[in-house]
Structures are given as C-alpha cells and as structure tokens.
> 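The following block contains the structure, expressed as structure tokens.
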2 protein chains.
Amino acid sequence: MSLRHAVLAALLEGEASGYDLAKGFDASVANFWMATPQQLYRELERMEGEGLVQARVVEQERRPNKRVFSLTDAGSAALHDFTATPAKPTAIRDELMVKVQAVDSGDAEAVVEAVSAQLAFSRGKLARYERLRERLLVGRGEEEYLASGGRVGPYLTLMRGLSFERENIAWAERTVGILRQRHGLVTHAVDGER
Amino acid sequence: MSLRHAVLAALLEGEASGYDLAKGFDASVANFWMATPQQLYRELERMEGEGLVQARVVEQERRPNKRVFSLTDAGSAALHDFTATPAKPTAIRDELMVKVQAVDSGDAEAVVEAVSAQLAFSRGKLARYERLRERLLVGRGEEEYLASGGRVGPYLTLMRGLSFERENIAWAERTVGILRQRHGLVTHAVDGER
DNA sequence: ATCGATTATTCAATAAGTTGACTACATGGA
DNA sequence: TCCATGTAGTCAACTTATTGAATAATCGAT
C-alpha cells in the first residue's frame, strides 16, 4: 500500500488531477513508481475518503471538467511519517533484461531490436531530464542551487534518473554492438543516433 | 504473466528447486525480476502442468527432499518465442526514491539512514557481482571471453548489474553528503565504509 | 462529414502478488 | 536441553494490479 505515498509525494509539486498523474506528472515521481490510470483514480478516491487529499472541481471550457487533488494536513503528516518507516527493497521487473539473459537460446535479432528500442527511449528520457535540470537550475551552478534553499528532494531524484539513463544508454550501445558482432547482424543506424 | 519467462530464463543456468530460485538462484535473474517464494512455487507448479518444465525429486540425507525443475523442449520454445515478443516497459517501485523525493517535508535524518542502508546493500551487491564476473572470466580478458563462444546473455546482464550498483553507490554517497550538510547532521562512518 | 486522437473519468472482471501461519527435520550454540 | 537458524515446501486469505470497455465532449485532419 505504498502507491499512496508515491501519490502524496507527487502532490508536493502542486495539485494535480488523476489524469495529470497518469501522464507522468511532469516526470517527477513517475520515474521510480509506475502506476496505471485506474490505480491512480482508485487510490485518489480512497485517499480522499480518508482525508489525505482534497479535491476541487475545475470547470473547463471546451473540455471535460476535472477534479484536481491537493495534500491536506493529514496527507502531509502521513507522508512525513512514511519517510521515517523502513523502506522495502526496490522491486524491479524488467522484461528486456530477461530477454537479454536468454538471448543465446532466443531470437537474437529480435533482442537487438528490443535493446535498440530501449536505447532510443533512454535517449529521449535523458534529454527530457536534462531540460528539467536546466529549468531547475536557471543558470545557476549546482552548488548555488543547493545553497539557495529550495527543495533538494526532486533535484536528488532527478540526478538519479540522469545517471541511470546515461548508464542505460552506455550499456545498450555496448550490448547492441556485441550482439550484432556475435550474430553477424548488419549494423544499421538506430533512431535518434547520429 | 511474465514471471514465468523469468523463471524459464533462470532455468537456463541449470536445474533448480523452488527454494533455489527463491534464494536468488546464483544472483542471475533475481536482479531484474524479484518474486516471493510463494509466487515461484505456484508458477513452477503451473508450468509443470503445462509441460514447460519437468520436475525430478532429489532425495537428500539429513534434509528434506527437494523437487528440482528443468526446462522441457516446450519450455525452451516458449522462452524463445518470448524473446521475440515486444517487451513491456520496465516496472520499478522504489520506496527509497519516494522518500528522497519527499525529504524536504519529511524526516531528513531517517531518510539519510535509509540511503545509507541502501549504500551498504549496494556495496555488498557490487562485491558479489565482481566475484561472479571473476568466476565467469577465469583470468581471461573480456574480449577473450566474448570470443570464446560461451553464453553472452548472463554476461551482459551482469555488466548491467555492475554499472547499476556502481551508479547507485556514487549517487547514495553524494546524496548522504548533501543531506547531512543541509540538515546539519553529524557525519559518522557507515557500515562497510572505510 | 466522418475518423481518429486527446482530455477526463468510471466500471467490472481477472490476474498477479503479498502476508502470515504451519509442517518437518537437522544442525549448532548457549 | 532449548532455542535459533537453515532447508524445503504448502495453504489460505487478502490486497493490488492489469485489462478492456464504456461514456462524453472537443479538435484537427482527410
């Protein structure tokens, strides 16, 4: 039952609708806690019932109304408490790695395709993270930013995301190279590569 | 329903009991696909019913008998097919990151503790990966190994694990430093640090 | 003028995952 | 001797997560 804490953390960035959260909510929490829209809507409703978030209907012209949620004091308190509880070990489920593990008795060409797709995806994500970082720093260096007293949490998780994707890219490039050589596949340019 | 493919991939290393798999099964697949023991036992039974794996009872002295499972031809075929299907995006659920995201309005000291614990854990895991790598390479360089024609899959996923943990360590060290400075916490040695 | 995509949400049916307790035997240490 | 730990597994109850469809309005393109 920790999706709720991820949602609470996401709402620290400001109010959001279920739809906003489902769409990645400005890339914040979505990067280390994925959830389907249905999960989010249900959880938001439950949390509203428990008084952890409050809803406000925003009437929009030319598109459906939406209910935007924000933290209540009880919600902030719950999040605060959560930061002090022991964390469960990270759960990962990475199909791509399963495929790579099995590549020697699998369809090597398809695996190369899959790794290449991941590579393109990671490049996109990295670019997005880098824009986000620029926006946070607004010209300042990192030290200045850290000294300025703004929230560090989002900056630290962003840095984790950046180095994760950089590693991802380096690994995927090597992996594609090795697999292509091994299996005599033709080297061709990948989307986003130059 | 992709736990089954992770299990099939794990069985490429050789036969294993449910208990073996639950214990990480030589660190192979467990690093990118976590599952509880109950999940594994259930899935193994189902797969046996579907003919993807076969069981063999190993009678042991001074300890309970065990059922070790191995791939059948149908199982190998299923795994081969799996490598050719489009992969779903990686699912991650990382409580620690949620805590770090919320650290500015949370219990900073507890978060530092949690990141330190993760740091110790990652150091242990990295050491384990490095031993595994030694064992795979047996004195040869990487190129020799790759040229030798053994399975590349496990090597590639191992490399991913290595760089992931290295990044994890670097990030955790920086994070602990920044948070301690920010919150005026006393710097003290962490388990496994020197 | 209709088709498909986007915003925004809800419902219902399954599938998957988690938790806790329980059995059984053996080993090693206090 | 008793207790904790490790091996090896099963059962039942429960919570979460995934999938697919439905609704409803607007926008842009063909």
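Numbered from 1 within each chain, the chains take letters A, B, ... in sequence-line order. Nothing here was measured: the structure is a model prediction, and the numbers come from that model.
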> Less than 4.5 Å apart, any side-chain heavy atom of Phe164(A) and any of Phe164(B)?
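Result yes, sub-4.5 Å side-chain heavy-atom pair found.
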
> Would you kindly give the CG-to-P distance between Asn65(B) and dT10(D), to the nearest whole Å?
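After rounding, the gap between these two atoms is 12 Å.
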
> How long is the line joining CZ of Arg4(B) and P of dA15(C), in whole Å?
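Value for this atom pair: 12 Å.
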
> Does a side-chain N-to-carboxylate-O contact under 4.0 Å join Glu48(A) and Arg67(A)?
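Looking at Arg67(A) together with Glu48(A), the answer is yes, because their closest N to O distance falls below 4.0 Å.
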
> How many Å lie between CD on Gln39(A) and C1' on dT15(D), as a whole number?
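Interatomic distance, CD of Gln39(A) to C1' of dT15(D): 12 Å.
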
> Using a 4.0 Å cut-off on heavy atoms, which residues in residues 80-100 of chain A reach DNA chain C? List them by number, or say none.
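Those residues whose heavy atoms fall under 4.0 Å from DNA chain C, taken from residues 80-100 of chain A in numerical order, are Lys88(A), Arg93(A).
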
> Name all residues meeting the salt bridge (charged side-chain N to carboxylate O under 4.0 Å, His left out) criterion together with Arg166(B); count only those two or more places apart in sequence or in a different chain, and write none if there are none.
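Partners of Arg166(B) under the salt bridge (charged side-chain N to carboxylate O under 4.0 Å, His left out) test: Glu130(B).
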
> So His5(B) and Phe82(B), would you call those rings parallel, tilted or perpendicular, with 30° and 60° as cut-offs?
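If you compare the ring of His5(B) with that of Phe82(B), the planes turn out parallel.
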
> Enter the distance from Thr85(B):OG1 to His80(B):NE2 here, rounded to the nearest 0.5 Å.
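The distance works out to 12.0 Å.
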
> Can you identify which nucleotide, out of dG9(D), dA8(C), dT16(D), has its nearest atom closest to the Arg46(A) side chain?
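The answer is dT16(D), which lies nearest to the side chain.
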
> Under 4.0 Å: is that the gap between some side-chain N or O of Tyr41(A) and OP1 or OP2 of dT9(C)?
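It does, given that an N or O in the side chain of Tyr41(A) lies less than 4.0 Å from OP1 or OP2 of dT9(C).
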
> In whole angstrom, give the distance that lies between atom CG of Leu40(A) and atom P of dT18(D).
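For the pair Leu40(A) CG and dT18(D) P, the rounded distance is 10 Å.
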
> How bent is the helix from dA1(C)-dT30(D) to dA30(C)-dT1(D), comparing axes over its five end pairs at each side, to the nearest 10°?
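If I round to tens, the end axes sit 30° apart.
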
> In whole Å, I'd like the distance from the CG atom of Asp20(A) to the P atom of dT7(C).
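After rounding, the gap between these two atoms is 10 Å.
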
> Taking the minimum atom-to-atom distance to the side chain of Thr36(B), which one of dT9(C), dA8(D), dT18(C) wins?
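Selected nucleotide: dT18(C).
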
> Has the side chain of Gln38(A) got a donor or acceptor atom sitting under 3.5 Å from an opposite partner on the base of dG20(D)?
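Checked by distance alone, the answer is yes.
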
> Can you tell me the distance, in whole Å, between the CG atom of Leu21(A) and the C1' atom of dA8(C)?
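Answer to the nearest Å: 13 Å.
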
> Report the residues that fulfil salt bridge (charged side-chain N to carboxylate O under 4.0 Å, His left out) with Arg182(B), sequence neighbours left out, ordered by chain and then residue number.
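None.
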
> Taking OP1 and OP2 of dG9(D), is either one under 4.0 Å from a side-chain nitrogen or oxygen of Ser17(B)?
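It does, given that an N or O in the side chain of Ser17(B) lies less than 4.0 Å from OP1 or OP2 of dG9(D).
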
> Taking side chain as C-beta onward, heavy atoms only, is Arg133(B) less than 4.5 Å from Leu137(B)?
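Yes - at least one pair of side-chain heavy atoms lies under 4.5 Å apart.
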
> According to the salt bridge (Lys or Arg N to Asp or Glu O under 4.0 Å) rule, which pairs have a member within residues 76-85 of chain B, sequence neighbours left out?
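Sorted pair list comes back empty.
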
> Who passes salt bridge (charged side-chain N to carboxylate O under 4.0 Å, His left out) against Glu43(A), sequence neighbours left out?
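Glu43(A): salt bridge (charged side-chain N to carboxylate O under 4.0 Å, His left out) contacts with Arg4(A), Arg46(A).
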
> Mind calculating the distance between CD (Glu45(A)) and P (dA8(C)) to the nearest angstrom?
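The answer, rounded to whole Å, is 17 Å.
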
> Would you say a side-chain N or O of Tyr19(A) is under 4.0 Å from OP1 or OP2 of dT7(C)?
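Yes, Tyr19(A) has a side-chain N/O under 4.0 Å of OP1/OP2 on dT7(C).
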
> Which value, rounded to the nearest 0.5 Å, describes the distance between Leu8(A) atom CG and Ser76(A) atom OG?
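Result: 8.0 Å between the selected atoms.
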
> From the set dT7(D), dA8(D), dT9(C), return the single nucleotide nearest to any side-chain atom of Lys23(B).
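It is dT7(D).
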
> Whole angstrom is fine here: how far is it from NZ in Lys66(A) over to P in dT23(D)?
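To the nearest whole Å, that distance equals 25 Å.
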
> What about Arg42(B): does its side chain form a donor-acceptor pair under 3.5 Å with the base of dT18(C)?
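Counting by modelled atom types and ignoring angles, a donor-acceptor contact under 3.5 Å is found here.
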
